[in-house]
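For reference, the structure is listed below as structure tokens.
The structure displayed is predicted, hence computed values, not measured ones. Chain letters run A, B, ... following the sequence lines, proteins first, then strands; residues in each count from 1.
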Amino acid sequence: MRVRFAPSPTGSLHIGGARTAYFNWLFARKHQGVFVLRIDDTDLERSTEASYQQILDGFRWLGIDWDEGPDVGGPYGPYRQSQRLEIYRAQLQKLLDEGRAYPCFCTPEQLAEDRARAQQAGEAPRYAGRCRHLPREEAERRIAAGERPAYRLRTPESGKTVVHDLIRGDVVFDNAEIDDFIIWKSDGMPTYHFASCVDDSLMQITHIIRAEEHLSNTPRHIQLFDALGAKVPVFAHVPMILAPDRSKLSKRHGATSVQEYRDQGILPEALVNYLLLLGFSPGEDREVLSRDEAIQVFDLEKVTKHAAVYDVKKLEWLNAHYLRAMPPERALELIWDTLVSRGWVDADPDRERLGWLLQVVRAVQERSRSVDELADSMGYYFVRPASYDEKGVRKHFTAQAAERLEAAARALDEVAPFTALRVEAVYRERIAAWNIKGGELIHPTRLALTGVTVGPGLFDVMALLGRAECQARMRAAADWIRANV
RNA sequence: GGCCCUAUCGUCUAAUGGUUAGGACGCCGCCCUCUCACGGCGGUAAUAGGGGUUCGAAUCCCCUUAGGGUCACCA
């Protein structure tokens, strides 16, 4: 089995495209098939090298690899359509020789006029067929005279074309609905439909898994495969992904490209897991699946038929899940550059410092929903709080708190060694001696040390910060309370 | 407008003629607890509407409605 994903490098890798590619990849891996990456860059105007790189990077980041493609090669290359023009030209010539295609000299203005008239008359805006029966000699004469025609496929006027779709079953189209569409533009370039079908047939693609928007185009493609003398592949049109307002996903709905998600601290395994759940159900109420597990359970026939609305909340939940389960070593790696650029850590720390960093990561890891959040929530381990949470101040920074903070700071002198367990023992002792509730000392301390009211267990934070730092911050907070409250 | 696709909690989905219509995210409550998060327990909430077929319909058929796609010398 051979499948392909054929993005055009005119922008970033869209999550809709990423899901379609992922389904192709899963299908190929599940059936020990071949996944081909083909670059659809016949639109020279809009295609860019940057976009091409971005798309490849996006797939690498997601962990989706390809067996044949522009960078790795393969037996059916080249894999960039802009490098296959000779192939398309030869195929066009073949169709012309066989009378399956014909030149069309109608101008875009003429065609637009036809369309407008048809619209007005309430008819389908289809090609009128003006050049369909043009004598060969006349066509040749006009070309010789310098006219540059487009080329159309001669499609059957009656009968039906059936699309065999693994997700939707057989979809029947009336051939009368399909007009003689253009397969070759007058500027000398093939159209998407033509290039795509030529490639699919030459590259021996057996299953075309693509977005639903192509379903209506499929009868044309089948006509093309027939004309080309190629075996018609099996189709699977996966439902679209919609924005929360049920419209097409676009920029105004926030992040739509996989790089944006990466930049926002989303993990690739979370994104890929979420994408799997859009339009597919693994069964047995399972929701969290690794790539390998996804390969095991994936089944095109179980893909839903209806569009799915994109819900970031569930992605974030999955992301938090994967972030929590990750070894701290990897989490630290993910935020390393950020920590260095903020001046929080040295680019090349010693063993001891590294061990300490891993403990910090471990402490905040399960409280973060994204990689960004993880880095952000580590700030107070490196720098003293610049301010104190306002609500926290009102609640915990009382006049008594100032005294207690100073007394507690003094008491920390006794703690040896300075571990969470020992610190807690001393704290509990003070709490009992003062006959107060634990929170009355714990909360002000946390606010003094971190500037915020949330975070890991206080004694872990204290052990991580160390005695001197704790004492300094507590005394600073006491002074601040006296000056400001 | 023609053609095509689709329709279960707010969202993602399960249930392929017989279930108190299940799970997950979100939200709410309780428990755990030094806070937050995690975790545990519980709650909220759906078969678009109308006709058939059938002993029995979310499930099959028809109509309506709603959403989407496509009809380009874009891909």
Side-chain angles (χ1 to χ4, degrees), chain A residues 6-8 10 40-43 45-47 81 104 106-108 111-112 115 118-127 148-152 163 165 167-168 171-174 176-179 181-187 189-193 195-196 211-220 237 239-240 242 244 246-248 274 277-288 304-318 320-321 324 364-369 377 392 396 424 427 431 437-443 445-447 450 452-459:
Chain A
S8 39
T10 55
D40 195 339
D41 55 355
T42 50
D43 187 345
E45 289 288 303
R46 296 196 300 150
S47 298
Q81 293 189 328
C104 173
C106 300
T107 64
L111 295 171
R115 254 197 303 280
Q119 288 274 10
Q120 220 157 25
E123 287 162 21
R126 300 170 52 248
Y127 177 58
R148 287 284 162 266
Y151 292 89
R152 291 179 184 271
V163 178
D165 191 292
I167 296 171
R168 283 151 220 286
V171 183
V172 183
F173 293 85
D174 221 316
E177 293 292 332
I178 306 163
D179 62 358
F181 58 99
I182 291 178
I183 56 175
W184 196 273
K185 299 183 269 182
S186 58
D187 67 357
M189 293 293 283
T191 63
Y192 155 76
H193 301 292
S196 173
E212 188 190 350
E213 52 188 306
H214 288 294
L215 180 56
S216 300
N217 282 327
T218 305
R220 287 165 225 282
H237 288 94
M240 314 227 342
L242 265 31
R246 298 214 137 259
S247 70
K248 220 170 164 176
Y274 179 67
L277 262 26
L278 280 185
F280 179 78
S281 172
E284 294 166 357
D285 292 336
R286 293 216 290 157
E287 304 241 85
V288 179
T304 60
K305 299 174 170 68
H306 56 271
V309 170
Y310 191 81
D311 174 29
V312 193
K313 279 286 196 314
K314 194 153 186 172
L315 207 212
E316 287 170 349
W317 170 75
L318 276 166
H321 171 88
R324 229 178 289 128
V364 279
Q365 200 176 342
E366 73 165 43
R367 294 173 167 76
S368 306
R369 296 202 323 277
S377 61
H396 306 301
E424 175 159 16
Y427 251 60
I431 287 162
K437 283 201 280 191
E440 289 180 83
L441 180 58
I442 289 171
H443 296 323
T445 306
R446 174 179 291 106
L447 189 57
T450 69
V452 293
T453 58
V454 301
L458 176 68
F459 305 114

What is the distance from [atom1] of [X] to [atom2] of [N], rounded to the nearest Å?
X        : N     : atom1 : atom2 : value
A:Ile183 : B:C74 : CD1   : P     : 14 Å
A:Lys305 : B:U8  : NZ    : P     : 13 Å
A:His214 : B:C3  : NE2   : P     : 23 Å
A:Leu242 : B:C5  : CG    : P     : 18 Å
A:Asp43  : B:A72 : CG    : C1'   : 12 Å
A:His193 : B:C74 : NE2   : P     : 10 Å

Dump every N/O contact between nucleotides 25-30 of chain B and the protein below 3.5 Å, one line per pair.
| from | atom 1 | to | atom 2 | distance (Å) |
| --- | --- | --- | --- | --- |
| B:C25 | O2' | A:Lys314 | N | 3.3 |

Does a side-chain N or O of [X] approach OP1 or OP2 of [N] to a distance below 4.0 Å, or not?
X        : N     : value
A:Asn217 : B:C71 : yes
A:Thr42  : B:A75 : yes
A:Thr304 : B:U13 : yes
A:His306 : B:U13 : yes

Which of the following nucleotides, B:G39, B:C73, B:C74, is nearest to the side chain of A:Arg324?
-> B:G39
What nucleotide, of B:U6, B:G23, B:U35, holds the atom closest to the side chain of A:Arg367?
-> B:U35
Would you call A:Asp43 and A:Arg46 a salt bridge, taking side-chain N to carboxylate O under 4.0 Å as the test?
-> yes
For B:A46, the Watson-Crick or wobble partner whose two distances fall under 3.5 Å = none
Any strand is fair game: report the nucleotide pairing with B:G29 by Watson-Crick or G-U wobble, both distances under 3.5 Å, or none.
-> B:C41
Mapping A:Phe173 and A:Glu366 onto RNA chain B by nearest heavy atom, which one lands closer to the 5' end?
-> A:Phe173
